[in-house]
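Input: one structure, supplied below.
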Amino acid sequence: MEKFNKKILIVFSFLVFLFLGLVLYMTYFQIAKAKDVSTGYGKYGQYNKRYWVDENKVKRGTVYDSQNNIVVETLKDSNGNNYRNFPFDDIYAPITGYSINGGSGLEKSFGKQLLNIKEDTPLSDLKKLVEKQDEGNNLVLTTNYKMQKVAMDLLENTEAKKGSIVAMNPKTGAIYAMASYPSFNPNKVAENWDEIIADNESAVLLNRATQGLYVPGSVFKVVTATSILENTDKVESLVIKDEGKIKIGGLEISNIENMVNNRTDLEKALVKSSNVYFAKLAAELGADILRETVDKYYIGKEFEFDLPMYKSKNGYVDGIDDANIATTSFGQGDTLVTPLNMAMVMSTIANEGKMMQPFIVDQIISPDGDITKTEPKVLSEVTTPEIANEILGDMVSVVRDGSKAYIRGIKVAGKSGTAEIKNKDSTNDWFIAAAPADDPTIAVAVVLEDSGIGGDKSAGPLAKVMIQNAINNGLGQ
């Protein structure tokens, strides 16, 4: 009898063990994975069969740009099955993405809205029984087709052949164009899938505007300039004698070609892109103050946006030494940013210190015609209007004094960046700009991968064309 009881106890313990394991897994699933599955995001989102079934039961909504051009639509094939058509092929692919194999871009992040899937509640389940829901919501974007095409054409025609351009309204955060090159044709993703994912060199599915993480180079000096002006009482002087090189923390830092600038204030430091100036004053400020300013620019912090993106990195990490504080101050440290980040930095300076929440979906329109509109909102009060306007004025001097982004008759504010690539004898070239400087209606960030030419020479002319097109099209007015 005792032996029999012992067997029952073993079986009982085993069943309790299985039960506890099930409880633990279900708890873990609800906390860590359930949201991904329900929203279609993340590794497990693609396994939500509800999306697959709804694709044939519900006609996905149409996506329009701000000029009412159809960007994505649902058509039927000869067998009567729904399929997505992308009229502009690769032009809008970095934004729209695709809907197969788990999806990407807006097709993924707005999948529930496009399929008109509502949150599951007892009331919504009851509603489905009495209401026919066979059409999804339409989206209206903030983008302008002409600007989007110009941006993609500019990138295609560079020597670099890889890069990104983001153009936005600095006062609202509305995105005018978001280009990433090389791109792909969403209409042919299914038939070219194996070839696309095998090409790691081109990485066409990567939206470089929101997922490309780059060393910022000298465009980051705008961020450091903000910190310097906000903390003038913590630096010895805003004017230094720039002798072309300086030693900080045992590391010798020099200007481009060891250029000696002599008496240098902040304006001259931005115009000449003096590494010595920013390294010296940043070392005096210290990492804590600089990190706080970078935080306010939302570099290294997560924020909401309509497309999937990677979080940037604030280079002022705990324990950073003086040498790395100095190199980080002029954009050659451990800081990593997306082109969207730098467009937001430029927008902040152009918008008197207020950083607006970026957005690309302007309206969601239900099948019944109900409109949900995105209202502009402030993401961060980065600095004062006085400091932002002083930096903007200094950036006007940068462009006026010989930049390739100069436009006759239009006051352009800008800054170039030439970021060295680790373990490679080349550079990623940057340019950020805003115009008209007296009342900016467009801010733009350009990055060209592995260009090796120099930010002003390679990326500057692209920023110039984007600004000219925005103003010619009356954007932001």
Q | Heavy-atom check, side chain of E420 versus side chain of Q332, under 4.5 Å | A | yes
Q | N472 side chain to Q468 backbone, donor-acceptor under 3.5 Å | A | yes
(Q) Check whether N185 reaches the backbone of N187 with its side chain - one donor and one acceptor, N or O, closer than 3.5 Å. (A) yes
Q) Is the closest basic N to carboxylate O distance between K59 and D134 below 4.0 Å? A) no
Q: Check whether any side-chain heavy atom of N137 lies under 4.5 Å from a side-chain heavy atom of I365, and answer yes or no.
A: no
(Q) If you take the centroid of each ring, where Trp contributes its six-membered ring, are F359 and F305 closer together than 6.0 Å? (A) no
Q. When rounded to the nearest 0.5 angstrom, what distance separates CG in D194 from CG in D199?
A. 12.5 Å
Q | Of all pairs that satisfy ring-ring contact (aromatic ring centres under 6.0 Å, His included), the ones with a partner from residues 146-172, not counting sequence neighbours | A | none
Q. CG of L336 to OG1 of T338: how many Å apart, nearest 0.5 Å?
A. 10.5 Å
(Q) I need the L115 CG to E107 CD distance, nearest 0.5 Å. (A) 9.0 Å
Q: Indicate whether any N or O donor in one side chain lies under 3.5 Å from an N or O acceptor in the other, for N275 and K221.
A: yes
(Q) Tell me if the aromatic rings of W193 and F184 count as close, with their centers under 6.0 Å from one another. (A) no
Q: Would you please test S426 and D450 for side-chain hydrogen bond (donor to acceptor under 3.5 Å, both in side chains) and show each step?
A: CA-CA 6 Å; S426 184; D450 204 1; 2.5 Å; yes
(Q) Taking E195 first and then K188, would you say they form a salt bridge - that is, a charged N and a carboxylate O separated by under 4.0 Å? (A) no
Q | Side-chain heavy-atom pair D394, K415 within 4.5 angstrom cut-off | A | no
(Q) Checking the side chain of T335 only, and the main-chain atoms of G331 only, is there a donor and an acceptor separated by less than 3.5 Å? (A) no
Q.
When you measure from the side chain of T418 to the backbone of G455, do you find a donor-acceptor pair of N or O atoms at a distance under 3.5 Å?
A. yes
Q) Does T158 use its side chain to pair, donor to acceptor, with the backbone of L155 at less than 3.5 Å? A) yes
Q: List for me each residue that meets side chain to side chain contact (heavy atoms under 4.5 Å, CB included) alongside K457, sequence neighbours excluded, and say none if there are none.
A: I453
Q: Look up atom OG1 in T96 and atom CG in L307, then write down how far apart they are to the nearest 0.5 Å.
A: 9.5 Å
Q) In Å, rounded to the nearest 0.5 Å, how long is the span from NZ of K108 to OH of Y98? A) 8.0 Å
Q) Looking at residues at least two apart in the chain, or sitting in another chain, which of them share a side chain to side chain contact (heavy atoms under 4.5 Å, CB included) with E449? A) K162, R208, Y214, N428
Q) Mind checking whether I442 and N169 have side chains closer than 4.5 Å, heavy atoms only? A) no
(Q) With a 3.5 Å distance limit and no angle check, can you tell me whether T224 reaches the backbone of S329 through a side-chain donor-acceptor pair? (A) yes
Q) Nearest heavy-atom pair of T441 and P436: which atoms, and what distance? A) OG1-CD, 3.6 Å
Q. Would you say K296 has more than 12 foreign heavy atoms packed within less than 6.0 Å of its NZ?
A. yes
**Q.** Flag, side chain of N207 to backbone of A209, donor-acceptor distance under 3.5 Å
**A.** yes
Q. Looking at R291 and D318, does any basic side-chain N land under 4.0 Å from a carboxylate oxygen?
A. yes
Q.
Whether the side chain of D456 engages the backbone of S416 through a donor-acceptor N/O pair (distance < 3.5 Å, no angle test) should be reported.
A. no
**Q.** Side-chain heavy atoms of P358 within contact of M168, under 4.5 Å
**A.** yes
**Q.** Salt bridge flag under 4.0 Å for residues E73 and R84
**A.** no
(Q) Can you confirm whether more than 12 heavy atoms, excluding those of K373, are under 6.0 Å from its NZ atom? (A) yes
(Q) Can you confirm whether L213 sits close enough to K311 that some side-chain heavy atom of one is under 4.5 Å from a side-chain heavy atom of the other? (A) no
Q: Using modelled atom types only, decide if a donor and an acceptor are shared between the side chain of D65 and the backbone of Y145 within a distance under 3.5 Å.
A: yes
Q) Side chains of Y406 and K464: does their closest heavy-atom pair fall under 4.5 Å? A) no
Q. Is there a donor in the side chain of K146 and an acceptor in the side chain of N469, or the other way round, less than 3.5 Å apart?
A. no
Q) In terms of side-chain heavy atoms, does T374 have a donor or acceptor partner in D362 at a distance below 3.5 Å? A) no
Q) Between K171 and D439, is there a side-chain N and carboxylate O pair less than 4.0 Å apart? A) yes
Q: Could you grab the distance from atom CE of M346 to atom CG of N341, nearest 0.5 Å is fine?
A: 14.5 Å
**Q.** Side-chain heavy atoms of I371 within contact of I364, under 4.5 Å
**A.** no
**Q.** Heavy atoms of other groups near N81 CG, more than 12 under 6.0 Å
**A.** yes
Q: Look only at the side chain of E156 and the backbone of Y181, and say whether a donor-acceptor pair between them is shorter than 3.5 Å.
A: no
